[in-house]
Amino acid sequence: MIIGVVSGVLAILVAVNTLTGFNPLKEWISPPTSKNTPVSGAAGDSVAGAGRAQATDTLAGTPPTSPVRTVEITPSTTPRSTLETPDSPSTTVPAEPAFQVRSSQWDGPCQGSACTMSAIFRNDGGPGTAVATFFVLLPDRYTFIAKCSVILGYTEQNGFTNAGCTADSAQILTYFRDHPGGTVRMQVKIGD
């Protein structure tokens, strides 16, 4: 494990030296001396000066005879905010409108074959428009006998708008003819 840690540290130091020319071990490595004894190479050649200092320099990525490259880093005096380009395109997708029904009402009793309805809507999403559909329902079932749709006006986020329409159908006329004094229900949905 220790060998792995040492190898990892040396690899980092070699990378720093290769990328920047800075040798962080330069002051720790003693210069080669004449007391180094020749070491026999693999093919029987004599390698002079293969002591600790030369081997460490070679591992650090700079041979002892190569010049040291100095890199000066000066802090920028330009504020970070001015480095960013204000004309860069935004990657934020605007939120879709999200209308909610806040209140709904009949605009008077149904007349003949038509029922007039209205509602107040709040946009809890991004700015935009939507379609509201008003349904006239039978009193005991979720069966509609008429419907109408209206486009809600452009509304900002957290804004309110009101809209209404008149649903007209032969089924409304037939229902009230067959059920004198009868009632119907209303439902409002956002979307088609």
Legend entry - Closest non-hydrogen atom pair between I172 and A167, with its separation: CD1-O, 3.7 Å
Inset, instruction - Search all heavy atoms of G128 against all heavy atoms of P97 and return the closest pair with its distance. - result: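 G128 and P97 have their closest heavy atoms at CA-CG, 3.7 Å.
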Can you tell me how far apart [atom1] ([X]) and [atom2] ([Y]) are? Round to the nearest 0.5 Å.
X    : Y    : atom1 : atom2 : answer
T129 : N123 : OG1   : CG    : 9.5 Å
S113 : D168 : OG    : CG    : 3.5 Å
D124 : Q100 : CG    : CD    : 5.5 Å
K147 : C115 : NZ    : SG    : 15.5 Å

Inset, instruction - Spell out, yes or no, whether V136 and L173 are grouped together once hydrophobic residues are joined by side-chain heavy atoms under 4.5 Å, including indirect joins. - result: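 Result: no, two separate clusters.
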Inset, instruction - Answer yes if I190 and F134 sit in the same cluster of Ile, Leu, Val, Met, Phe, Trp and Tyr residues linked by side chain heavy atoms under 4.5 Å apart, and no otherwise. - result: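 As far as the 4.5 Å side-chain criterion goes, F134 and I190 are connected within one cluster.
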Donor-acceptor pairs under 3.5 angstrom involving side-chain atoms of residues 152-165: please list them, not counting sequence neighbours.
| residue | atom | partner | partner atom | Å |
| --- | --- | --- | --- | --- |
| T155 | OG1 | G153 | O | 2.8 |
| N158 | OD1 | R122 | NH2 | 2.9 |

Inset, instruction - Not counting sequence neighbours, which residues clear ring-ring contact (aromatic ring centres under 6.0 Å, His included) with Y175? List them please. - result: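 For Y175 the ring-ring contact (aromatic ring centres under 6.0 Å, His included) partners, ignoring immediate neighbours, are H179.
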Legend entry - Side chain to side chain, M186 and S104, heavy atoms closer than 4.5 Å: yes
Inset, instruction - For the residue pair T166 and C148, establish whether any side-chain heavy-atom pair is separated by less than 4.5 Å. - result: no
Inset, instruction - Cation-pi check, R185 to Y142: give yes when NZ or CZ is under 6.0 Å from the six-membered ring centre and within 45° of the ring axis, no otherwise. - result: yes
Legend entry - Backbone N/O of I145 and side chain of S169: donor-acceptor pair under 3.5 Å: yes
Inset, instruction - Using the side-chain contact (heavy atoms from CB on, under 4.5 Å) rule, take V184 and F176 through it: C-alpha gap first, then chi angles, then the decisive distance, then the call. - result: CA-CA 9 Å; V184 290; F176 284 116; 4.0 Å; yes
Inset, instruction - Can you run down the ring-ring contact (aromatic ring centres under 6.0 Å, His included) pairs that involve residues 95-130, sequence neighbours left out, and say none if there aren't any? - result: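 Those involving residues 95-130 do not exist here.
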